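In the text below, chain A, chain B and the rest are named by the order of the sequence lines, each starting its count at 1. Keep in mind the model is a prediction, meaning the values are calculated, not measured.
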Amino acid sequence: MLIQNIEDLDSLIRKIVKNSNPSQPIAIDTETTDLNPFKAELVGIGICWGSGTNDLAYIPIGHNISNNYNQIPLEEVINKLSPWLSDKRKPKVLQNAKYDRLIFLRHGLTLKGVILDTMLADYIIDPNRKHSLDEIAKREFGFTPQGFSDLVKKGETFAEVDILSASLYCGMDVYLTRKIGILLTEELEQESPKLLNLLKEIEQPLEPVLAQMEATGIRIDVPYLKKLSAEIQERLMKVEKNVHNISGQLFNLASPKQLGEILFETLQLDRKKSRRTKTGWSTDVNVLERLESDHEIIPLIIEHRVLSKLLSTYVDALPQLVEEETKRVHTDFNQAVTATGRLSSSNPNLQNIPIRTEFSRQIRKAFLPKENWSLLSADYSQIELRILAHLSGEESLQETYKKKGDVHAMTAKILLEKESISLDERRLGKTINFGVIYGMGAQRLSRSTGISQAEAKHFLNRYKERYPKIFAFLELQERLALTQGYVTTIFGRRRPFKFNPNGLGRLLGKDPFEIDLNLARRGGLEAQQLRAAANAPIQGSSADIIKIAMVELQRKIDEENLPAHLLLQVHDELVLETDIHALNHIKNIVVNTMENAVSLSVPLLVETGVGDNWMEAK
DNA sequence: ATAGTCACG
DNA sequence: ACGTACGTGACTATA
C-alpha cells in the first residue's frame, strides 16, 4: 500500500494502533539520504503489520522526483505517526533501531516500544556471523533481497529513487524485518532463555542509551587542534629532510616497503633484527627499537612515525568530523561488531584516543565539556582481573581484592619469594597478571620484561602452582570451546568457536576433561583460537557489566533529571559531562551505579577524575 | 581490496 | 624446540 494522501495515512494509523500483541510486533524502517544519521534527510517510511502482501505500507516523504505520485508533508507524517511511535505499549520490531531512532530524534519524534531489534538478536545468537538484513535473509530463507547499490546509483541518494521502486524496496525490508524478528524470537525462546534475557535486559535497553550518547556528541576544540597540527607539520618537514639527507636519497617515509629497502639494503643495517613480511622487511616499532642505537637515522624515523600517526588519525581527522549543526563530533557506537560483546566506536573511533605518552596525551586536551560544565571520567579499576578472581574462585586473589590489597604487588612477592619488592618488581607482577588473561607464554613474558626465558618459564610455573584455580578456569574454557563449541560470560553471552571438522572439530560432544590440550594446541591457528576462548569470558563479562551500569546510570539521570550527559564508553571507562553545581552528587551516583551494577565475589572499584578537558579528567 | 602499522582497553 | 598475548578501527601504500 502506497500512502498517497491524508486519508491513506489515517487508515494506515487505524490499522497499526489496534495492535498491542508483543508476539506480533509491527516492523518499521526509514529510508534516508545518508548512512550518517546526523546528515541524513528522511525520504520515506515503511511499515509492515502482517504476513500478507497487503499488510505493507510505504509513506513517501522526501523523494526528489515524484512523477505521478503524491508525497506526504513531513509535518503531517510527524503529527499522525507520533502518538503510535512514542507509545511504549505498541510493540515494534526494527533492524538496527539505533539508526532509525536517531533519524526520528532529529525530526522531533520519540521511538518507544521496540521489543525486538533483529540486528541485536542475530548478534546475540552468534556474534561471528554477519548481521545485515540481507545476510540474515540469505541465511534464514535463502532469499537475496535487491541490493541497495542496484537501486541507488553511484553519487546519488535514496531521494533520487522513484517512489514506486522505493516502496517495493522498503516494503521488502520491513516485511523481512518482521519475519526475521518472529523467527529469531522463536529460536531464542526455544533454544536459550538466557540469551533472550541478555538481549531483552542488557542489549536492547542499551540501544537507546547509545543513541542518546551519539546524539549528544562531544565538543572539540578545533582552533587548538589546528595550532597543534601546524606545529606537528613543521616538525615532520624537518625530520623528513634530515632522514633524506642521512640516507642520501628521497623516498616515501610512509611506505614500509621503501623504508625497508633503505634500512636493510642501502644502509645495510642488521637484517637479523627484522623479519620478512609478504612485501619485504618489517619496519614496525619493535624492529626500529632494536635498531635504535645502530644508526642515527632510526630515532628520526621513529619520531616521524609517531607524529604522522597522530596527525593523520587524530589532529587533522577530528576537526573534519565535527558536525556543522551541533559543533560536536558524534561517534558511531557499534553494538554488533565484536566477538566478545564489547562495543566498538567508529567515524571517529573515540575508543583509541592517545594517552600513553606525554606528547600524545595532549590530543585529549581537545575534548571539551559543554560550556561551563565539567568532564567526568569514571573507570573500573582492574575489572578483568577482578572478574578472573570471581570466575576462577581463586581465594587468595579474592581475599586480596576484598582487603583492598595490591594484587600486582602480591603476585610479585609470590613469584620472587620475598616480603618486600621494588617498583620494577611490582611491574613484573602486573605484566604477568595481565598476561595470563591473554594466555601469554614464556617467550613473550621474557621479551616484555627483560628477564631470561628460563626465568620467565620459572615464574609462569610458580604462578600456576600458587594460583591453581586461575589456570584450571582458563583451561576449562579451552576444553569447553572444543567440546561444547562455545564459551560464555557471567550473563550467558556466548562466543562460538569453529574448528576443522577433520581435526579438532571432532572433539565436539566429547567429555571436556578427557581432552589432551597440548595435542589440541599443536597448530598455530588452533592455539590462537584457544587463547581467545580462554580470554572471551573475561573480556565479555566486563562488557556485560559496564553495559548494565550504563543502562542503570542513564535511567537515574532521566529519573532525577540530572544535569549530566553520558558521552563516551571506552571498555572500562565512562565519560560524562556534568553541570559543575551538581558535580559531587552526580559523581557519587556514577560511582555507586558502576560499582553496584552487579554483585560478584570480589568488590568492584571505580576511580574518577574531573577536569575542563579529557586530559585533566583522567 | 589487502597489507603493514599503530592508536586504545 | 618452537610456535604463541586478547579485542578493536583508521591511516597510508600498493595492487
Base, sugar-phosphate alone, or nothing: which one does A/Arg495 contact when heavy atoms must sit under 4.0 Å apart?
sugar-phosphate
What does A/Val337 touch in the nucleic acid at a heavy-atom separation under 4.0 angstrom: a base, only the sugar-phosphate, or nothing?
sugar-phosphate
Pair A/Tyr401, A/Gln382: side-chain N/O donor-acceptor within cut-off below 3.5 Å
yes
Between B/dA7 and C/dC2 - P atom distance, rounded Å:
30 Å
With a non-hydrogen cut-off below 4.0 angstrom, is A/Ala532 in contact with a base, only sugar-phosphate, or nothing?
sugar-phosphate
Got a donor-acceptor contact below 3.5 angstrom from the A/Glu394 side chain to the A/Lys469 backbone?
yes
In whole angstrom, what separates A/Asn535's CG from B/dG9's C1'?
11 Å
Residue mapping more 5' on DNA chain C - nearest nucleotide basis, A/Met440 or A/Gln258:
A/Met440
Does either side chain, that of A/Tyr314 or that of A/Ser360, offer a donor lying less than 3.5 Å from an acceptor on the other one?
no
Indicate the ring-plane relationship of A/Tyr463 and A/Phe471, choosing parallel, tilted or perpendicular according to the 30° and 60° boundaries.
perpendicular
Indicate, with a heavy-atom threshold strictly under 4.0 Å, whether A/Lys278 touches base, sugar-phosphate, or nothing.
sugar-phosphate
What integer number of Å spans the P atoms of C/dT4 and B/dT5?
16 Å
Applying the Watson-Crick and G-U criteria (both distances under 3.5 angstrom) with [ ] for crossing and | for other-strand pairs, one obtains for DNA chain C .....|||||||||.
Would you mind classifying the nucleic acid contact of A/Asn352 as base, sugar-phosphate or nothing, using non-hydrogen atoms under 4.0 angstrom?
base
Would A/Tyr380 and A/His571 count as a close aromatic pair, with their ring centres under 6.0 Å?
no
Could you verify whether a donor N or O on one side chain and an acceptor N or O on the other, from A/Gln529 and A/Glu478, lie under 3.5 Å apart?
no
Report yes or no: is the cationic atom of A/Arg275 (NZ for Lys, CZ for Arg) closer than 6.0 Å to the six-membered ring centre of A/Trp281, at no more than 45° off its axis?
no
With sugar-phosphate meaning primed atoms plus P, OP1 and OP2, does A/Glu573 contact a base, only sugar-phosphate, or nothing at under 4.0 Å between heavy atoms?
nothing
Determine whether a donor-acceptor pair (one donor, one acceptor, N or O, separation below 3.5 Å) exists between the side chain of A/Arg444 and the base of C/dG3.
no
Classify A/Ser308 by what it touches in the nucleic acid, base, sugar-phosphate, or nothing, heavy-atom distance under 4.0 Å.
nothing
Within the 4.0 Å heavy-atom criterion, would you say A/Ile353 contacts the bases, only the backbone, or no part of the nucleic acid?
sugar-phosphate
So what does A/Ser345 touch, heavy atoms closer than 4.0 Å: a base, only the sugar-phosphate, or nothing?
sugar-phosphate
